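What follows is a structure written as structure tokens; I'll ask about it next.
Remember, it's a predicted structure, so these values are computed and weren't measured experimentally. Quick note on labels: first sequence line is chain A, next is B, and so on, each numbered from 1.
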Protein chains: 2
Amino acid sequence: MVTVNRKLLSTEREKLILQALGNGVRTITELSQSLKVSEATVRRDLQSLEEKGKARRVHGGAEQIRFPRIEPLFNEKTALHAAAKNQIAELALKFIEDNDTVYLDGGSTVQRLAALLGSKRNLTVVTNSMTAAAELTESAHRLIILGGEFRALSQTLVGPMTAGILEHLNISKAFLGTIGFTVEEGISTTDPNEAFTKELVMKRSKEVFLLADSSKIGHPSFAVSGNINSIGTLITDPGIPDAVVRKLNKKNIKVVF
Amino acid sequence: MVTVNRKLLSTEREKLILQALGNGVRTITELSQSLKVSEATVRRDLQSLEEKGKARRVHGGAEQIRFPRIEPLFNEKTALHAAAKNQIAELALKFIEDNDTVYLDGGSTVQRLAALLGSKRNLTVVTNSMTAAAELTESAHRLIILGGEFRALSQTLVGPMTAGILEHLNISKAFLGTIGFTVEEGISTTDPNEAFTKELVMKRSKEVFLLADSSKIGHPSFAVSGNINSIGTLITDPGIPDAVVRKLNKKNIKVVF
DNA sequence: GAATAATTTGCAAGATTTTGCAAAAAAATT
DNA sequence: AATTTTTTTGCAAAATCTTGCAAATTATTC
């Protein structure tokens, strides 16, 4: 236990704050009182922690980030992104025709697409996303779920075991999500197993569509998936820089927004 | 129970809402009263949750996005022999030890067992049942889902595609459900694809437990699964006729009730 | 060890966000 | 079609956040 009998360095205080957050969400007032510093100071500390990716501020307080390496990227900054994602999903929908065999990847954008598939007829939907699967269990479409190890963070099935099924399937159109995307390297995610599955899907699909809002472009993640040339079309929002569009077009990747 | 001794942050409130939704559909009014905030605020929270894909709003309230409720048919059956099924599940649980690799089949009895696994540590759970999977997504156990075609009626993944993964796994204890069971033929179900998967599981498992309440005994169904001798133990209820117990014992199948 | 520079802290005014209320719009029900 | 219920929208009050600045603290230099 740390007894506060002298002034604390901000570094020490930040550690105490993190410790306090470990037990859940804390308000600014709570933190301010228990650390005996002004609320302004707490705010500044939290700002610093947020920049380091160790805490997430919410209006009125802050909470701990459980998976520091990953969550900041997940951080769906509110309705702005949500709107973009819906738009992207609607654009993607236009590429799907009745009777298609499509693959749906994990991720929130693709999830939106899954919710829209009710308007199509007689699809065969292959997916590794448990949430997409859940969305589709009540639909009339044929649903095929890749097996494999369940990854709680992304709610997907990933890893080498997925290969067994994928090898037996020919997918006409794959719709992939991603954590990061760069013009040089293409798709990248945080988990190598997930990257492996994405790569395999790209190989087994005639057409590959990448669904990524513009906030993801230019930010690579840890594990790179396959070759960027496997991607046929990037579906994104108008926030994508012109320069990126040009570079992608040069690589024969269509960009839609 | 959460005691509200201070103002809640919106993040916390959203978590409480999700928790409340876990028990089914809630109306806006209910949520507003139990959280002691205005209905407008509840609506806004639900909107936010919906954008994050964690809840679905319906007219008059909201529900959690989860795996679909088991269908009526499934439900009726469940209610019918509920007590027996719970007992059977509890008996089955005693055969599971920490660190085991177990297989969970579809069916309402096995589903009960899935719900009890929280008391064990560090299991590897392999399953083809979407409802069992749903039950376990939040657990700390390692979860492996067989791939394959989704069969809505039983909410399971079945057919030849499941083989790809099963062949790579060694299961120590398999817990199977069934539609019908006879001393002569053993397990039988309505769907050949489902029978195929059950058969394969029996081959890949060191010990096979069949969970079947006594109402199923003596009633064969359409598609027979594998050899009756693959079954090591029948876990059932006291309603099982003595004659059947004797015959099974002769075949070296233990009977537990 | 004193003087100076750099950083941190607390305060308070102005900007932003959240909340609850109520009217208008939309959806479901009769 | 009329009524009731639910949802959306606009608005004002309250709460929270940001920013600039001065005081306090800490680090650096002489």
### Message
Any carboxylate oxygen within less than 4.0 angstrom of a Lys/Arg side-chain nitrogen, looking at Glu39(B) and Arg43(B)?
### Response
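Salt bridge: yes.
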### Task
Output every pair passing side chain to side chain donor-acceptor pair (under 3.5 Å) with a member in residues 113-122 of chain A, not counting sequence neighbours, ordered by first then second residue.
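Counting only pairs at least two positions apart or across chains, the side chain to side chain donor-acceptor pair (under 3.5 Å) contacts touching residues 113-122 of chain A are Asn99(A)-Asn122(A).
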### Task
Can you tell me the distance, in whole Å, between the CZ atom of Arg43(A) and the P atom of dT18(D)?
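Spelled out: CZ on Arg43(A) to P on dT18(D) is 7 Å.
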### Query
How do Val58(B) and Gln47(A) order along DNA chain D: which one's closest nucleotide is nearer the 5' end?
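The 5'-side residue here is Val58(B).
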### Query
Just checking, is any N or O donor in the side chain of Thr41(A) or Ser38(A) under 3.5 Å from an acceptor N or O on the other one?
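Short answer, yes.
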### Task
Check whether any side-chain N or O of Arg57(B) sits under 4.0 Å from OP1 or OP2 of dT8(D), and answer yes or no.
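For dT8(D), OP1 or OP2 has a side-chain N or O of Arg57(B) closer than 4.0 Å.
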### Query
Listed by chain and number, what are the side chain to side chain donor-acceptor pair (under 3.5 Å) partners of Thr197(A), not counting sequence neighbours?
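Side chain to side chain donor-acceptor pair (under 3.5 Å) list for Thr197(A), sorted by chain: Thr162(A).
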### Message
One character per nucleotide, please: for nucleotides 19-30 of chain C, 5' to 3', B when the base has a protein heavy atom closer than 4.0 Å, S when only the sugar-phosphate does, - otherwise.
### Response
BBB-----SS--
### Message
Going by the rule ring-ring contact (aromatic ring centres under 6.0 Å, His included), which residues pair with Phe95(A) if we only count those two or more places apart in sequence or in a different chain?
### Response
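For Phe95(A), the residues satisfying ring-ring contact (aromatic ring centres under 6.0 Å, His included) (neighbours in sequence not counted) are Phe209(A).
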### Query
How bent is the helix from dG1(C)-dC30(D) to dT30(C)-dA1(D), comparing axes over its five end pairs at each side, to the nearest 10°?
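The helix from dG1(C)-dC30(D) to dT30(C)-dA1(D) shows an end-to-end axis angle of 40°.
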### Task
Mind calculating the distance between CG (Leu35(A)) and P (dT8(C)) to the nearest angstrom?
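Checked: the CG to P distance equals 17 Å.
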### Message
Given 3.5 Å as the limit, does a donor-acceptor pair link the side chain of Glu194(A) with the main chain of Asp191(A), or not?
### Response
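Flag not set: sc Glu194(A) to bb Asp191(A) has no pair under 3.5 Å.
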### Note: Glu63(A)-Lys15(B) ion pair, threshold 4.0 Å (strictly below)
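Between Lys15(B) and Glu63(A) there is a salt bridge, with a charged N closer than 4.0 Å to a carboxylate O.
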### Message
In whole Å, I'd like the distance from the CD atom of Glu50(A) to the P atom of dC17(D).
### Response
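So the CD-P distance, Glu50(A) to dC17(D), works out to 11 Å.
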### Query
Can you name the residues that form a side chain to side chain donor-acceptor pair (under 3.5 Å) with Thr101(A), not counting sequence neighbours?
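Expected list: none.
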